[in-house]
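Accompanying notes for the structure given below.
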Amino acid sequence: MCSLRNRKELIVTLIPLVILFAFTLDVFTDLSSHNTFITLRYAENLVNGQGLTFNPQHKVESFPSLLWVFLATPSYIFGIEPLLWVKLLSFVFSALTLVLLFRLMTLLFPGVSLFLRIMPSIMLSLHPAFILHSLSGSSVALFWFLLVAMLYFSVQKEDTSAGILTGIMAGLLTASQMEGAVIPVVCLFYFLLSKKYRAALNFFAFWLLLFFPLFLFRAIYYHQLVPNNYFIFAALPLFTRMKNIGLNYVLHFIKQYPNLFLVPLSLIAGYFIFKKKKDLVLPFVVGLTFLFLGFYIGRIWYPWQGLLALVLPVFALLATSCLVFLARIIDSKLVPHPFFYLY
């Protein structure tokens with residue numbers, strides 16, 4: 001019986017992977033992000049002994065992800081086609097995200113059907129922004145994987161391992177994207193408010209162990225405390241835009257997101273999460289934080305999705321959780337339907 005269940009889970013896990021592969025196969029070599037070429041330029045100069053620079057002798061940080069620069073360097077060391085290498089990396093990390101998201105859903109809702117547990121992964125594999133980032137060679141795919149891994153470790157029952165592994169993932173997230181710097185703050189408050197003080201201590205210690213050397217290196221190397229301060233300056237004009245545009249700014253923001261069907265379901269899920277499913281509080285707050293940041297900065301690029309692209313797995317998880325909660329309410333009022341349960 002156990003082997004039969006494992007076989008079914010394996011087959012179901014392959015569904016979103018096949019969908020993603022089918023969508024990306026035809027355009028795999030045709031689409032890339034400008035951030036990909038920036039990353040490759042930094043990686044090439046680093047391997048050639050010219051340091052972390054876009055132009056030699058000119059120390060300016062403009063790469064989107066330091067960790068992605070390091071992962072791109074093997075292509076220059078071993079003579080692999082650089083663009084193909086980072087495209088393969090982004091596809092692999094996207095595929096791992098789909099698999100890990102299924103495992104997270106199984107951990108959170110072990111009693112629901114395979115269909116509902118695999119639904120977040122299927123949602124992602126069909127989403128335009130997820131597909132584009134999966135084949136563009138950008139660092140977003142790595143961010144997805146680390147984010148879902150962090151959420152997966154955060155719901156572990158043992159506080160020590162949960163705090164340590166979550167802290168490591170949060171530290172890597174900070175190295176993966178500058179936007180990831182807000183996540184450790186959210187995580188720390190989550191552990192403290194949940195009264196998981198040992199987990200909070202372990203989380204902070206291991207996050208700091210990864211973050212502080214990186215922060216110190218960048219500050220010394222680029223001679224600036226915050227070398228990549230794009231988002232600080234990008235956010236400044238918000239109040240001017242709000243004053244001049246008012247409600248139209250809000251409406252324009254909403255129109256730009258074709259995935260907003262995920263957001264209302266996620267917000268509805270918030271009621272059930274705080275009432276019944278405390279393990280989902282952390283992804284819920286992370287999703288809201290990035291939704292606010294996306295609105296605050298006001299930088300939207302359809303179909304790349306701006307800041308919301310970074311937390312697409314979170315919204316897929318929350319939207320499906322909402323469906324699970326609603327299904328349970330319906331089943332409690334009507335005759336239970338086997339569709340929502342194990343097999």
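In what follows, every heavy atom counts, from backbone to side chain, and hydrogens, waters and symmetry copies are set aside.
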* Asked: Is the Phe191 ring parallel, tilted or perpendicular to the Phe203 ring (thresholds 30°, 60°)?
  -> tilted
* To do: Output all residues satisfying ring pair (Phe, Tyr, Trp, His ring centres under 6.0 Å) with Phe109, sequence neighbours left out; order by chain, then residue number.
  => Phe325
* Stepwise, does the side-chain contact (heavy atoms from CB on, under 4.5 Å) test hold for Phe102 with Ile122? -> CA-CA 10 Å; Phe102 171 68; Ile122 293 177; over 6 Å; no
* Compare all side-chain heavy atoms of Met150 with those of Tyr152 and state whether any distance is below 4.5 angstrom. => no
Side-chain donor-acceptor distances from residues 309-322 under 3.5 Å, at least two apart:
{"unit_1": "Thr320", "atom_1": "OG1", "unit_2": "Ala316", "atom_2": "O", "d": "2.9"}
{"unit_1": "Ser321", "atom_1": "OG", "unit_2": "Leu317", "atom_2": "O", "d": "2.7"}

* To do: To the nearest 0.5 angstrom, please state how far the CZ atom of Phe212 sits from the CG atom of Leu209.
  => 11.0 Å
* **For Leu193, all residues meeting side chain to side chain contact (heavy atoms under 4.5 Å, CB included), sequence neighbours excluded** => none
* What's the shortest heavy-atom distance between Ala43 and Val69, and which atoms? -> CB-O, 3.8 Å
* Closest heavy-atom contact between Leu67 and Leu172? -> CD2-O, 4.0 Å
* To do: Drop me the distance from Ser121's OG to Leu126's CG, to the nearest 0.5 angstrom.
  => 11.0 Å
* Nearest heavy atoms of Val86 and Thr36, plus distance in Å -> CG2-CG2, 3.6 Å
* Asked: If Ile, Leu, Val, Met, Phe, Trp and Tyr residues are connected whenever their side-chain heavy atoms lie under 4.5 Å apart, and connections chain through other members, are Leu96 and Leu124 in the same group?
  -> yes
* Structure fact -> By ring pair (Phe, Tyr, Trp, His ring centres under 6.0 Å), Tyr221 pairs with (sequence neighbours left out) Phe217
* To do: Would you check if Val60 and Tyr222 make a side-chain contact, meaning some heavy-atom pair closer than 4.5 Å?
  => no
* Structure fact -> Correct closest heavy-atom pair for Ser154 and Lys196 would be O-NZ, 4.4 Å
* Does a side-chain heavy-atom distance below 4.5 Å link Asn45 with Tyr76? -> no
* Partners meeting ring pair (Phe, Tyr, Trp, His ring centres under 6.0 Å) with Trp144 (sequence neighbours left out) -> Phe130, His133
* Is the backbone N or O of Leu66 less than 3.5 Å from a side-chain atom of Tyr42, with the two atoms forming a donor-acceptor pair by type? -> no
* Asked: Mind checking what makes side chain to side chain contact (heavy atoms under 4.5 Å, CB included) contact with Phe211, not counting sequence neighbours?
  -> Thr174, Trp207, Phe215
* To do: Could you give me the CA-CA distance, side-chain angles and deciding distance for Phe290 and Ile183, then say whether side-chain contact (heavy atoms from CB on, under 4.5 Å) is met?
  => CA-CA 9 Å; Phe290 274 78; Ile183 291 180; 3.9 Å; yes
* Structure fact -> Closest heavy-atom pair, Arg117 versus Val112, reported as atoms and distance to 0.1 Å, is NE-O, 3.2 Å
* Out of curiosity, does Phe37 fall in the hydrophobic cluster containing Val47 (side-chain heavy atoms, cut-off under 4.5 Å, transitive links)? -> yes
* Structure fact -> Contacts of Val155 meeting side chain to side chain contact (heavy atoms under 4.5 Å, CB included) (sequence neighbours excluded), chain-then-number -> Leu104, Leu107, Leu108, Asp279
* Asked: What is the distance from atom OG1 of Thr97 to atom CG of Leu142, rounded to the nearest 0.5 Å?
  -> 8.5 Å
* Asked: Hey, does Ile164 have a side-chain heavy atom less than 4.5 Å from the side chain of Phe153?
  -> no
* To do: Can you establish whether the number of heavy atoms outside Gln57 located under 6.0 Å from its atom CD is more than 12?
  => no
* Structure fact -> Across all chains, not counting sequence neighbours, the side chain to side chain contact (heavy atoms under 4.5 Å, CB included) partners of Ile220 are Leu216
* Value rounded to 0.5 Å, distance of CG in Leu173 from CZ in Phe143 -> 5.0 Å
* Distance, nearest 0.5 Å, that separates CE of Met169 from CG of Leu146 -> 6.0 Å
* What is the distance from atom CG of Asn35 to atom OG of Ser136, rounded to the nearest 0.5 Å? -> 8.5 Å
* Asked: Looking at Ser138, Ser65, Ser139, which one forms a side chain to side chain donor-acceptor pair (under 3.5 Å) with Gln177?
  -> Ser139
* Asked: Can Leu98 and Ser125 be said to form a side-chain contact (heavy atoms from CB on, under 4.5 Å), step by step?
  -> CA-CA 8 Å; Leu98 297 177; Ser125 63; 4.3 Å; yes
* How does the hydrophobic cluster around Phe189 look, that is, which other residues are in it when side-chain heavy atoms under 4.5 Å mark a link? -> Val185
* Does Phe145 have any ring pair (Phe, Tyr, Trp, His ring centres under 6.0 Å) partners at least two apart in sequence or in another chain, and if so, which? -> Phe93
* Under the side chain to side chain donor-acceptor pair (under 3.5 Å) test, residues paired with Asn55 that sit two or more places apart -> Arg41
* Answer whether the closest heavy-atom distance between the side chains of Ser90 and Trp68 falls below 4.5 Å. => yes
* **Closest non-hydrogen atom pair, Ala181 against Pro184** => O-CD, 3.3 Å
* To do: Measure the shortest side-chain to side-chain distance between Met105 and Val324 over non-hydrogen atoms and say whether it is less than 4.5 angstrom.
  => yes
